[in-house]
Amino acid sequence: MNIKVLGGFFKKEIIALLRDPILMMAILIMPVVQMVVLAGAITFQADNLKIIMDARPNDVMMNQIYNHAIGTGLFIPVNADKIDPVAAVQGGMADVAIIAPDGGFTHDVAQGNAEIQILIDSMNILKAHSIEAYLRGIITKTIVDATGTELGTPIDMNVRILFNPQLDTKFFMVPSMVAILVFLALLILIAVSIAKEKETGTMENLIAAPISKYDIILGKVVPYVAVAFLVMLLIVIVGMIVFHVPFAGSWFMFLLAFLVFCVPACGVGVWLATYTHTQQQAMLGLIIVAFLSLMLSGAIVSTENMPVVLRWISYINPLSHYAYLVRSIMLKGPDWMYFWRHAAAMMASGVAIWIWALHRFKTTLR
C-alpha cells in the first residue's frame, strides 16, 4: 500500500466534498435532523384518542366514565351535539364511541345487570388495542368507586371493532404502502429525470428550444404520473388478492384521491430537482425528503401521538392526508365530506409547493 497515494486520494475526496455544500449538508446536518424527528415521532403509547358518548344527560355513571376517560389525559372529547356516534367513528371524527343502553347505564347497574357498547375504529391497530384496554380499566374502576365494593355486578362490555375486526396488521399496512410507494415513485422518477438532464447537459438544449418551461415540466411530470398510476393499481390488486384486504369504498373516489395527491407529490419532485445538479445529489435529497415525509405522515406511526410541533407539520404534509384517504377508502368507505376535507388540504399544500418549485425552476435553470 502506497501511503502517499492514499493520502493524495484522501485529500482529493475531502476537497471535493467540501466544494459540494448540498452533499455536506446531507451528510452532516440531516442525520441529526432525522434523529431528532425520529426520536420525537415514534412512540408506542396511544394518546389523544378522540372519544364520543351517547347517553342520557341524567345517566350519572356514564358521565362519570366519560369524565374519567377525559381526565386521564389519554382521551380528548368530541362535541356530540347532533352527531351520531357510529357516523362519528365512520367519518374519522372519533376513534371510539361509548353507547349506554336504552334504559340508562346507571339504572342497569343498580338492577344488577349492565351492558355498555363500545365502538372502536381499528384502522390503527395499536390505537384499537390501547382503547379497549384503557376503557375496560376505566369502566371497572368507575363502577367500583361508585358502589364502594369490588366489582360484583356482571358488566357486558359489547366491544365492536369496526373496519378491521380481526385486527389484522395487513389491513393497515397495505393501504399505507399504496400511499408510500406512489409518493416514492413520483419523487424518484421526476427528481432523478430532471437531475439527469442537468448532469448530461441536455437541459440547456431544452431551455434553448422554442418551448416554455411549463412544457418542459409537464413533459417531465405527466408520463411519470401514468407510471405511478400503474404502480398504485398493481399494489392494490396484489393486496386484495394475496392479503385479502377489502375495498369498501368508491373506486372513483380512490382514483380522484390519487389525482389530487399527484399535485403536491409532483411539485415536491420538481422542487427537489431545482436544488440538485447531479443524480447523486437527487438521490440524497430523495432519501432526506422521503424519510421526513414518511415519518410525519401517519402511514406507519400515528401522528396523534407526536409532539405538538411535529403534529402541526404532519397536518401540512400531503402524504399524511393521502395515507388517511387511501386507508379510509379501502377499509371504511367514507363520505364525500371526509374526502374533500383531506383533498382540500392536499391541494392547498400542492399550490404552495408548486409556486416555490416554479420560482426555483426559473431562477436556477435560466
Side-chain angles (χ1 to χ4, degrees), residues 45-167 248 302 304-305 324 328 331-341:
Q45 177 184 355
D47 53 18
N48 293 315
L49 303 165
K50 301 185 290 291
I51 186 171
I52 187 171
M53 180 181 71
D54 183 17
R56 297 176 179 179
N58 61 350
D59 196 334
V60 177
M61 197 161 289
M62 279 295 291
N63 285 308
Q64 288 178 348
I65 292 172
Y66 182 75
N67 292 331
H68 189 184
I70 302 301
T72 62
L74 299 170
F75 294 87
I76 56 178
V78 174
N79 187 1
D81 292 342
K82 300 179 181 179
I83 300 178
D84 179 71
V86 178
V89 177
Q90 174 81 16
M93 291 176 286
D95 297 310
V96 58
I98 51 175
I99 303 173
D102 293 336
F105 187 66
T106 304
H107 174 269
D108 286 4
V109 170
Q111 295 296 317
N113 185 19
E115 178 183 4
I116 186 172
Q117 187 176 46
I118 303 173
L119 307 179
I120 300 176
D121 183 348
S122 64
M123 288 210 306
N124 186 309
I125 298 173
L126 172 63
K127 289 168 65 173
H129 279 300
S130 300
I131 288 170
E132 183 176 358
Y134 292 158
L135 287 180
R136 285 187 181 276
I138 289 170
I139 292 169
T140 301
K141 186 177 187 304
T142 300
I143 295 174
V144 170
D145 291 344
T147 59
T149 59
E150 291 298 322
L151 186 63
T153 301
I155 304 297
D156 181 10
M157 297 186 192
N158 182 11
V159 180
R160 292 179 57 193
I161 308 296
L162 305 180
F163 317 121
N164 185 5
Q166 296 82 19
L167 293 178
S302 176
E304 288 86 352
N305 303 338
Y324 281 122
S328 296
L331 301 182
K332 285 185 178 182
D335 57 22
W336 283 99
M337 185 63 69
Y338 181 88
F339 171 84
W340 289 118
R341 189 164 67 244

Please name the pair of heavy atoms, one in [X] and one in [Y], separated by the smallest distance, quoted to 0.1 Å.
{"X": "P334", "Y": "S328", "answer": "CD-O, 3.3 Å"}
{"X": "S122", "Y": "F163", "answer": "OG-C, 3.9 Å"}
{"X": "P57", "Y": "N63", "answer": "O-ND2, 3.0 Å"}
{"X": "M62", "Y": "D54", "answer": "CE-O, 4.5 Å"}

With rounding to the nearest 0.5 Å, note down the distance linking [atom1] in [X] to [atom2] in [Y].
{"X": "D95", "Y": "L119", "atom1": "CG", "atom2": "CG", "answer": "12.5 Å"}
{"X": "I138", "Y": "I131", "atom1": "CD1", "atom2": "CD1", "answer": "10.5 Å"}
{"X": "I116", "Y": "I139", "atom1": "CD1", "atom2": "CD1", "answer": "4.0 Å"}
{"X": "R341", "Y": "M93", "atom1": "CZ", "atom2": "CE", "answer": "7.0 Å"}
{"X": "K141", "Y": "I65", "atom1": "NZ", "atom2": "CD1", "answer": "12.0 Å"}

Taking side-chain contact (heavy atoms from CB on, under 4.5 Å) as the definition, give me every residue that meets it alongside V159, ordered by chain and number, with sequence neighbours left out.
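For V159 the side-chain contact (heavy atoms from CB on, under 4.5 Å) partners, ignoring immediate neighbours, are I118, I120, E132, R136, M157, I161.
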
Mind checking side chain to side chain donor-acceptor pair (under 3.5 Å) for K50 and listing every partner two or more places apart, or none if nothing turns up?
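Partners of K50 under the side chain to side chain donor-acceptor pair (under 3.5 Å) test: none.
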
Show your working on side-chain contact (heavy atoms from CB on, under 4.5 Å) between F75 and V96 and close with a plain yes or no.
CA-CA 10 Å; F75 294 87; V96 58; 4.0 Å; yes

Identify, with sequence neighbours excluded, every residue that meets salt bridge (charged side-chain N to carboxylate O under 4.0 Å, His left out) alongside D121.
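For D121 the salt bridge (charged side-chain N to carboxylate O under 4.0 Å, His left out) partners, ignoring immediate neighbours, are K332.
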
Decide yes or no for I51 and L135: does some side-chain heavy atom of the first lie under 4.5 Å from some side-chain heavy atom of the second?
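In contact.
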
For the side chain of T140 and the backbone of G137, is there at least one donor-acceptor N/O pair under 3.5 Å apart?
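Checked: no pair found.
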
